[in-house]
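Letters go in sequence order (proteins before strands), and every chain restarts at 1.
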Protein chains: 2
Amino acid sequence: MGRRSDHSRPELREMIVAEGHRQMLEVGFARFSAREVAKRIGYSIGTIYNVFGTYEGLILAINGRTLDLWRDYLEARLAGEHGDRLKRAVDAYFEFAVVNRHAWAALYDFRLPDDMEPPESYARQVTAIFEIVVAELVAVLPPERSEEAPALARSLLATVHGHCFFTMNGTFRILGETDPLAAALARVREAVRG
Amino acid sequence: MGRRSDHSRPELREMIVAEGHRQMLEVGFARFSAREVAKRIGYSIGTIYNVFGTYEGLILAINGRTLDLWRDYLEARLAGEHGDRLKRAVDAYFEFAVVNRHAWAALYDFRLPDDMEPPESYARQVTAIFEIVVAELVAVLPPERSEEAPALARSLLATVHGHCFFTMNGTFRILGETDPLAAALARVREAVRG
DNA sequence: TTTAATAATAGACAGTGTATAATTTGACGC
DNA sequence: GCGTCAAATTATACACTGTCTATTATTAAA
């Protein structure tokens, strides 16, 4: 039908990502379908292909949206907390994964082909979450250990992620872990203690 | 063509899992195809469906094979090591993931539908790896902390997994981590120190 | 009003997992 | 050896998928 006057390109892109993210939340990565996204916003599959080029491009955009929401969620949950901010951060990490189960899982279910690397925008979105953790660690570490913060943030993100992942994918249920949040927090505290 | 005299049911199952695992190693979960497995062993797709019931059943069998090989690898790498066995264990965890990149990733790329749970055989295969870690921790913890070993093993498996996962999926490259193995080992040592 | 460029689509292609009906095969009793 | 019966295997159809190209519809510019 050609150009629709009320949908300039950036707005169309936004429509697709919004609907795609909604569908990722509902059905998850394995059952996600670009065609279904197109159908729901009243466009044909070809349009999505025109805008994002490939399936990978679409998924990266949707996962990027999830990362943005995650960062926002972490910031919101930390705002105004003056007590145990590290605990609050770990809690928020888990909470987001639980509430956004499928979209969160899609961040890790999707892997780029071996020869591709993620666009710079995606790297920035990951880094934004990382920076939040760095800031929290700087606030809690003694000044003479400030330069440890970035390396520690990377390691503790991985640590908390591992606990969250095993919670979400059922590994901890198999192994009989009943309080993964406490376990993750214990590892965080040890590392900060040094 | 009917029954083939040289392929009783268990042997056919083994053929399919072996070829499926080979293909998982080569192309990974996203490009894995049950039809291609059937073609390569000279059977039709229907046969695979008859033996495994569903796609999920086939993938679970293949991932179970990967878990068995992982356990064997860990045991082999620990055998005869009388020095720093914890370091050796963490090394072996990473090594297996690197060498069996795609098959290892498939363990986590694949998620059962929300309403299904893994068969007991799969749970046992996961537990077998867990038990290796428990034994190593018991050996290194003071006797009065022995009963901590299972909980600590769960948490440290998650910790090492998180570091390994971020290494394999590119997150650590984005964040500039250059020695994830050392970071993982540092977390392990802190936790053992208590 | 014609022209050029852009936006969007329709349709084809080669795949996929799933499912069922039909066929081939092997083993057993006679 | 022959016919029977059940098990093993396949052929085929279905409704999907992501990808891609040629075509059409629409808008803006000349």
Side-chain angles (χ1 to χ4, degrees), chain A residues 1-17 19-21 23-24 26-63 102 106 109-116, chain B residues 1-17 19-21 23-24 26-63 102 106 109-116:
Chain A
M1 259 185 275
R3 195 178 204 282
R4 296 185 179 195
S5 60
D6 51 345
H7 294 142
S8 70
R9 225 97 212 297
E11 290 174 17
L12 177 53
R13 221 188 127 91
E14 164 60 25
M15 269 187 67
I16 297 173
V17 173
E19 180 57 43
H21 186 260
Q23 209 184 117
M24 194 63 89
E26 288 173 11
V27 305
F29 180 72
R31 300 189 189 192
F32 178 87
S33 155
R35 282 182 125 102
E36 181 66 23
V37 171
K39 193 182 299 177
R40 292 216 197 173
I41 62 174
Y43 280 79
S44 79
I45 172 64
T47 296
I48 290 194
Y49 198 79
N50 288 341
V51 174
F52 289 95
T54 64
Y55 180 73
E56 280 82 14
L58 173 58
I59 301 293
L60 277 172
I62 292 173
N63 281 352
H102 284 141
D109 288 343
F110 173 66
R111 227 176 293 283
L112 277 172
D114 290 349
D115 53 348
M116 276 182 69
Chain B
M1 258 183 274
R3 196 174 202 285
R4 297 189 180 191
S5 61
D6 51 345
H7 295 142
S8 70
R9 224 101 211 295
E11 291 175 16
L12 176 54
R13 225 190 124 90
E14 163 61 24
M15 267 187 68
I16 297 172
V17 173
E19 180 57 44
H21 185 263
Q23 209 183 118
M24 194 63 89
E26 287 174 11
V27 305
F29 180 72
R31 300 191 187 190
F32 177 86
S33 155
R35 282 182 126 100
E36 181 66 22
V37 172
K39 193 184 298 178
R40 293 215 196 173
I41 61 172
Y43 280 78
S44 81
I45 172 64
T47 296
I48 290 193
Y49 197 80
N50 290 339
V51 174
F52 288 96
T54 65
Y55 180 73
E56 280 82 16
L58 172 59
I59 302 293
L60 278 172
I62 292 171
N63 280 352
H102 285 140
D109 289 342
F110 173 66
R111 228 174 294 280
L112 277 172
D114 289 350
D115 52 350
M116 277 182 70

field: Reported CD-to-CZ distance for the pair B/Gln23 and B/Arg40, which is rounded to 0.5 angstrom
entry: 4.5 Å

- request: Using whole Å, report how far NZ of B/Lys39 lies from C1' of D/dT10.
  value: 15 Å

message: Checking B/Val17 against B/Phe52 for the side chain to side chain contact (heavy atoms under 4.5 Å, CB included) test, could you report, in this order, the C-alpha distance in whole Å, the side-chain angles of both residues, the deciding distance, and whether it holds?
response: CA-CA 10 Å; B/Val17 173; B/Phe52 288 96; 3.7 Å; yes

task: Give the rounded distance in Å between these two atoms: CD1 of A/Ile48 and P of C/dA10.
output: 14 Å

message: Nearest 0.5 angstrom please: B/Ile48 CD1 to B/Glu36 CD, how far?
response: 10.0 Å

- request: Name the nucleic acid region contacted by A/Ser33, choosing base, sugar-phosphate or nothing; use a 4.0 angstrom heavy-atom cut-off, strictly under.
  value: sugar-phosphate

- prompt: Taking the side chain of A/Ile45 as its heavy atoms from C-beta onward, which of C/dT18, C/dA8, D/dT19 lies nearest to it?
  reply: D/dT19

query: In Å and rounded to the nearest 0.5 Å, what is the CZ to CE distance from B/Phe110 to B/Met24?
result: 9.0 Å

query: Nearest of C/dT18, D/dT19, D/dT10 to any side-chain atom of A/Arg35?
result: D/dT19

query: Where the side chain of B/Thr47 is defined as all heavy atoms beyond and including C-beta, which of D/dT9, C/dT18, C/dA8 is the nearest nucleotide?
result: D/dT9

field: Short side-chain N/O contact from A/Ser44 to OP1 or OP2 of C/dA10, under 4.0 Å
entry: no

message: Can you measure A/Tyr43 atom OH to C/dA10 atom P for me and round it to whole angstrom units?
response: 13 Å

- prompt: Whole Å only: how far is the CZ atom of B/Arg31 from the C1' atom of C/dG15?
  reply: 13 Å

- request: Round to the nearest Å and state the distance from B/Glu56 atom CD to C/dT18 atom C1'.
  value: 11 Å

- prompt: To the nearest Å, how far apart are A/Phe52 CZ and C/dA8 P?
  reply: 13 Å

- request: Name the closest nucleotide to the A/Leu12 side chain, picking from C/dG17, C/dA8, D/dT10.
  value: C/dA8

message: Tell me whether the side-chain N or O atoms of A/Asn50 pair up with the base of C/dA7 as donor and acceptor below 3.5 Å, since no angle test is needed here.
response: no

- request: Show your reasoning for whether side chain to side chain contact (heavy atoms under 4.5 Å, CB included) applies to A/Phe32 and A/Leu58.
  value: CA-CA 11 Å; A/Phe32 178 87; A/Leu58 173 58; 4.1 Å; yes

message: What is the separation between atom CD on B/Glu36 and atom P on C/dA14, rounded to the nearest whole Å?
response: 16 Å

